[in-house]
Amino acid sequence: MGTAWREARELVWASRGRLSVGLGVMLVSRLAGLVLPASSKVLIDEVVGKGRAELLLPLALGAGAATLVQAGTSFGLSRLLGITAQRTITEMRRRVEAHVARLPVRYFDSQKSGALVARVMNDAEGVRNLVGTGLVNLVGGVVTAIIALSVLFWISWQLTSATLSVLVVFGGLMAWFFKRLRPIFRERGEIYSQVTGRLSEALGGIRIVKTYTAEKREDLVFTQGVHRLFRNVAKSMTAVSGFEAIATVIFGLVGVVMMLVGGKLILSGAMTLGDFVMYIFFTGLVVAPVVQIASIGTQITEAFAGLDRIRELLAVPTEDADADSRAPLRDVKGAVEFRDVWFEYEPDKPVLKGVSFRAEEGSTTALVGSSGSGKSTLIGLVTTFHQPTRGTITIDGRDLATVRLVDYRSHLGVVLQDNFLFDGTIAQNIAYGRPGASREEIVAAAQVAHCDAFVAGFADGYETVVGERGVKLSGGQKQRVAIARAILADPAILILDEATSSLDSESESLIQEALAHLRAGRTTFVIAHRLSTIRSADQILVVEDGQIVESGNHAELLARAGRYKELHDRQYRHEADRFLNPGDVLLSVEDLERLKSEAAVPVTARPPGGD
């Protein structure tokens, strides 16, 4: 609760200028609104009771002018504070998005992107009730109630005391109600985030959903979620309705008290009929703000629930929180060294165990090993998505823990097995790492990556929109766009993670050529299950159970007849069997020569058309 109040105070203080102007306009509006009910006493007691007709026109003109002032100031207030609220909401969303984008990768591993989107977009909405008309109207309601209450005491302290005792009970009920309602609004935000997150997942993976005919399952999951949301909304509506019913009873009691006490005062001559009518009007000016306060209080309670969730998110430390204490990193040559590096996702469950190696500037380091051996984790450390539990990683001799992440990452490039493309044009995706690149530079990078051949087949060329995650392009086309993106970024350190494992032979041939160009002069880390793609690596690291069990180049590791040769022989034996078994695709001449020279099993070719 304290953090939400602190955040609310900061928001109000940041908008203090417009809120002050709005408060002044609101006071003028409220004072103008007092003219009409105040004139009722003069109308009844003087104009009607005493026949003073000369007062009728000035009284009417005064009430009309006050009404125009009230209308104009109300319009100006809504416009002024409405824009202030929207500006604050925009700034809040920008600030939360900027914070989320800088959170560590491990945070996103445990969160749904749709839920985070809901937090960024929806939780900030309630702010409008703090810096918009809500808070000012709340203050205005209090001011109007105080003024009206003073007039009521002036008219009749006896009647006002009786009325006020009933309103005090209402105020206590209102405070209790707001306390009970806030957790309901908070739960609603969480449910909404969960439902939104799951829906985003289902729509993003719609091809998988349809492939496995899981539409009804997703319907069920979504239905369960929206029904939870419905029950939450129904609970809050029931609470609000109950409160409104109680308010109706309270205000009915106020009317009963006014009838009994006021009637006796009129009969005894202590109050005129004009006083009583004026009293009724001003009682409405007390009761109406109280009702308004209850409504605005509900909205502000919802705003605090949203602020609670936003504060929780903003309290998560960003990965660059200590950037000011780190040294800048300008030029990177690309020499990377691991020194006794340990890493664990969970305490006492190490994934990497004492890893040490050096990748020289401009060299290619390949990582091989069985699934789950720690290869991807090691790459995650190179990209600084993770930080070592123990040990040191250096870049050009400098400890990565002491340099600014943004400086280091500006020298990184990645090409993955399933590269992410944004829903923009081909040119925009290629230039993502260098948004200021010229069209000539984009086209040049695309030509090196062999993108120009398929781009020419599109009517819009480089302005072709690729769709969400590049859905309009084939796997090979997406890979070539990703390579062009890396070429244009011109990184000093390049990460290739299974960049060709799922491609057809034609696409792989083109991409291997593009990758060879991309690797030239760059420190490259390669993860590949096809060992044929890493034969030219300067060093190959065999990773098993989080440790480097062998290292060396292709020839050296084959000569040692260790784990690498075991992986090598098993893969080529499998490939040879796949081609030589009846019913499978025939070996090409190139495949045959390669298998003869490298495989650990004898290979013979089948004659074309033979068995």
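By the 6.0 Å contact criterion, CZ on R106 is open, its count of non-hydrogen atoms from other residues, nucleotides or ligands being 12 or less. Atom CZ of R404 sits in a crowded spot, with more than 12 heavy atoms from other residues, nucleotides or ligands closer than 6.0 Å. Around atom CZ of F357, more than 12 heavy atoms belonging to other residues, nucleotides or ligands sit under 6.0 Å away.
A donor-acceptor contact shorter than 3.5 Å is absent between the side chain of D538 and the backbone of S363. Under a 3.5 Å cut-off, the side chain of S373 and the backbone N or O of V543 do form a donor-acceptor pair. With R102 contributing its side chain and T318 its backbone, the two residues share no donor-acceptor pair below 3.5 Å. Judged purely by atom type and a 3.5 angstrom limit, E550 uses its side chain to pair as donor or acceptor with the backbone of R563. Between the side chain of R480 and the main chain of C451, no donor-acceptor pair closer than 3.5 Å is present.
The line from CD1 of I495 to CD1 of I493 is 7.0 Å long, rounded to the nearest 0.5 Å. The distance from atom OG of S376 to atom NE2 of H386, rounded to the nearest 0.5 Å, is 9.0 Å. Atoms CG and CD, from L367 and Q539 in turn, are 9.0 Å apart once rounded to the nearest 0.5 Å. To the nearest 0.5 Å, atom CZ of residue F338 and atom CD1 of residue I393 are 4.0 Å apart. The distance from atom CG of N553 to atom CZ of R535, rounded to the nearest 0.5 Å, is 11.5 Å. Atom CZ in F385 sits 13.0 Å away from atom OG1 in T377 (nearest 0.5 Å).
In summary, E360 and R358 engage in a salt bridge, as defined by a charged side-chain N under 4.0 Å from a carboxylate O. Using a 4.0 Å cut-off between a side-chain N of Lys or Arg and a carboxylate O of Asp or Glu, E544 and K375 do not qualify as a salt bridge. Looking at R94 and E97, no side-chain N of the basic residue comes within less than 4.0 Å of a carboxylate O on the acidic one, giving no salt bridge. Salt bridge annotation for D407-R326: absent, with no cationic side-chain nitrogen under 4.0 angstrom from a carboxylate oxygen. Using a cut-off of 4.0 Å between Lys/Arg side-chain N and Asp/Glu carboxylate O, R439 and E463 are scored as salt-bridged.
Two residues are said to be in side-chain contact when any heavy atoms from C-beta on lie closer than 4.5 Å; F525 and L496 fail this criterion. Using a 4.5 Å heavy-atom threshold, the side chains of L473 and L421 count as touching.
Residues T383 and R409 bring no donor and acceptor atom of their side chains to less than 3.5 Å of each other.
Contact detail for G354 and D340: the closest heavy-atom pair is CA-OD1, 3.2 Å. The heavy-atom pair separating L313 from H99 by the smallest distance is O-NE2, 3.2 Å. Between G546 and V355, the closest heavy-atom pair is O-CG2, 3.6 Å. Annotation for A486 and L494: closest pair CB-CD1, 4.3 Å, computed over non-hydrogen atoms. When every heavy atom of T523 is checked against every heavy atom of A359, the shortest pair comes out as CG2-CB, 4.3 Å. The minimum heavy-atom distance linking A427 with I442 is given by the pair O-CD1, 4.0 Å.
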Let me see the working for T425 and N429 under side chain to side chain contact (heavy atoms under 4.5 Å, CB included), right down to the final yes or no.
CA-CA 6 Å; T425 66; N429 274 283; over 6 Å; no
Between I310 and M92, does a side chain to side chain contact (heavy atoms under 4.5 Å, CB included) hold up when you go through it step by step?
CA-CA 9 Å; I310 287 175; M92 173 73 77; 4.0 Å; yes
